[in-house]
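Notes follow once the structure below has been shown.
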2 protein chains.
Amino acid sequence: MKLEPGARTIEKRAGRQAVAVAVVIFTVREGRLSVLLIHRAAEPFAGRWALPGGLLLPGETLDQAAARKLTGETGVSDVYLEQLYTFDLPPGCGGPRAVVAYFALVDEAQVRLESRTTWQPAWYPVSGVPALAFDNNAIVEYALRRLQAKLSYSNVVYALLPERFTLTQLQRVYEAILERPLDKRNFRKRIQSLELVEPTQQVERSGAHRPARLYRFARREPLTF
Amino acid sequence: MKLEPGARTIEKRAGRQAVAVAVVIFTVREGRLSVLLIHRAAEPFAGRWALPGGLLLPGETLDQAAARKLTGETGVSDVYLEQLYTFDLPPGCGGPRAVVAYFALVDEAQVRLESRTTWQPAWYPVSGVPALAFDNNAIVEYALRRLQAKLSYSNVVYALLPERFTLTQLQRVYEAILERPLDKRNFRKRIQSLELVEPTQQVERSGAHRPARLYRFARREPLTF
DNA sequence: CCAAAAGTGTTCAATCTACACCCATGC
DNA sequence: GCATGGGTGTAGATTGAACACTTTTGG
């Protein structure tokens with residue numbers, strides 16, 4: 001974290017509050033589900049990769065703190081964000097007592113990574129995440145399982161796609177998350193029977209080899225069935 | 001909370017730690033799913049019912065704190081306990097910043113309620129829970145939905161039943177949690193196809209109108225499929 | 001002898017899975 | 001003209017839901 005004037009004061013006061021948040025930010029890049037990691041410059045765990053996170057500011061709720069971290073790293077707001085689980089942190093160091101982990105879904109096209117001088121953010125495919133600081137690898141695993149499970153009963157993937165998209169693009173996202181290929185016809189049948197998406201009048205032409213119908217999500221808010 | 005010598009010291013030190021736990025303790029009593037509540041004698045919310053809970057002790061993990069609260073109220077240990085969700089607490093009062101909510105399943109036959117002079121614990125059917133202190137009603141609702149969902153893919157109900165039980169008893173527990181009657185034959189088919197239980201040689205005679213086979217759970221640890 | 005709970009199968013509908021070919025376009 | 005990706009239907013297997021009668025015992 002960059003030390004601006006006053007930052008150390010906040011850090012010191014907040015240290016006693018003993019709650020931190022961490023966010024697993026997912027996107028689909030080059031057909032692979034990827035996670036945003038930051039490279040720590042400061043101790044503890046200097047030189048290791050870690051999830052974006054940090055202490056609550058005074059008066060802030062947990063959700064607000066997670067949203068702030070998300071926006072701070074990616075520049076996007078108003079995307080999907082869900083609380084995952086709360087983990088203990090090792091005692092000592094006077095650091096926070098627990099981390100409340102969140103996961104977020106963002107459309108890569110809307111992301112502008114902050115480039116900091118002291119620590120760099122970068123995307124890693126979930127299947128190639130390096131050893132992380134704290135117990136952050138466990139958090140990523142947990143987030144992945146939750147996301148996979150949600151595909152079957154929720155519309156959360158809307159947050160990973162642009163406003164309009166083809167069914168093939170949608171299928172690619174499902175395949176990236178589930179890490180296995182899906183049958184094209186069965187996929188389209190299921191999606192249409194769930195009525196998650198609706199066709200638009202527009203047609204994709206650029207780069208497509210055959211004109212493709214564009215769809216949009218019937219709702220762009222989270223649905224839980 | 002009763003103030004014993006030293007309690008105020010702990011409270012003051014722990015208040016800055018800013019994390020509390022709360023436990024929704026479920027049991028099945030008289031055919032109804034019920035929750036353990038305690039009657040608060042002290043401010044804030046004196047005279048209101050609330051979930052058992054409190055601050056972490058120094059060096060304690062979240063799970064340990066929840067287990068301590070559970071054992072303290074019911075006398076049982078080694079039962080099912082699972083983290084639910086972490087809620088914000090309203091600011092001000094210098095109290096904790098967040099509550100990590102848990103839910104627990106106990107067999108009523110093993111419970112010995114503590115009877116305190118300052119505050120009384122009591123069982124309430126989930127459908128008749130009064131207005132609780134803090135946002136505790138939301139926690140109970142959340143716990144109920146989670147428990148209902150878990151029935152279809154987990155064996156957690158083992159913690160609500162004695163070692164040996166009849167299939168009809170098992171069905172009564174499912175019905176109490178789902179709050180709807182189940183078809184006897186379909187229920188038995190599903191349970192047996194999941195291989196959650198195995199028959200024993202023993203037979204139930206007392207009170208039964210026809211001798212009934214006793215079953216036990218194939219595993220008495222949590223299984224998640 | 002009757003009330004109360006235990007035990008036991010079949011049918012139908014809905015859902016899921018596997019699977020192959022033609023078409024329009026860009027190059 | 002050919003490589004690339006878009007689009008479409010059917011048959012078989014599995015799963016879930018509805019539904020009724022007989023047996024044994026205690027009182």
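Letters A, B, ... are given to chains in the order of the sequence lines, protein chains preceding strands, and every chain is numbered from 1. Please read these numbers as outputs of a predicted model, since none were measured by experiment. Worth knowing before you read on, the calculation uses all heavy atoms, side chains too, and leaves out hydrogens, waters and symmetry mates.
B:R188 comes within contact range of at least one nucleobase, with a heavy-atom separation under 4.0 Å.
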| Given A:T86 and B:T86, is the side chain to side chain donor-acceptor pair (under 3.5 Å) satisfied, shown in steps? | CA-CA 7 Å; A:T86 300; B:T86 301; 2.5 Å; yes
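Taking 4.0 Å as the cut-off between side-chain N and carboxylate O, B:E198 and B:R216 count as a salt-bridged pair.
Residue B:T168 places none of its side-chain N or O atoms closer than 4.0 Å to OP1 or OP2 of C:dA5. Close to D:dT4, at under 4.0 Å from its OP1 or OP2, lies no side-chain N or O of A:R210.
For B:F165 and B:F217, the ring centers are positioned less than 6.0 Å apart.
Whole-Å rounding puts the A:R190 CZ to C:dA14 P distance at 20 Å. Between the OH atom of A:Y153 and the C1' atom of C:dC16 there is a distance of 20 Å, given to the nearest Å. Protein atom CD of B:E204 is 10 Å distant from nucleotide atom P of C:dG7, rounded to whole Å. Rounded to an integer number of Å, the gap from CG of A:N186 to C1' of D:dA13 is 13 Å. In this structure, CD1 of A:I191 is placed 16 Å from C1' of D:dG7, rounded to the nearest angstrom. The CG atom of A:L214 sits 12 Å away from the C1' atom of D:dG6 (whole-angstrom rounding). Taking atom CD on A:Q171 and atom P on D:dG6, their separation rounds to 9 Å, with Å as the unit. In this structure, B:F187 places its CZ atom 14 Å from C1' of C:dA6, rounding to the nearest Å.
Below the 3.5 angstrom threshold, one finds a donor paired with an acceptor across the side chain of A:R185 and the base of C:dA20. No N or O donor and acceptor, one from the side chain of A:K184 and one from the base of C:dT17, sit under 3.5 Å apart. If you check distances only, the side chain of B:K189 never reaches the base of D:dT14 with a donor-acceptor pair under 3.5 Å.
No donor-acceptor pair under 3.5 Å is formed between the side chain of B:Q110 and the backbone N or O of B:V76. In this structure, the side chain of A:D88 does not engage the main chain of A:A98 through any donor-acceptor pair within 3.5 Å.
DNA chain C is contacted by both A:H209 and A:S193; A:S193 maps to the nucleotide lying nearer its 5′ end (nearest heavy atom per residue). Residue-to-nucleotide proximity on DNA chain C shows that, of A:D183 and A:R205, the 5′-proximal contact is made by A:D183. Comparing B:G207 and A:L167 along DNA chain D, the residue whose closest nucleotide (by nearest heavy atom) sits nearer the 5' end is A:L167.
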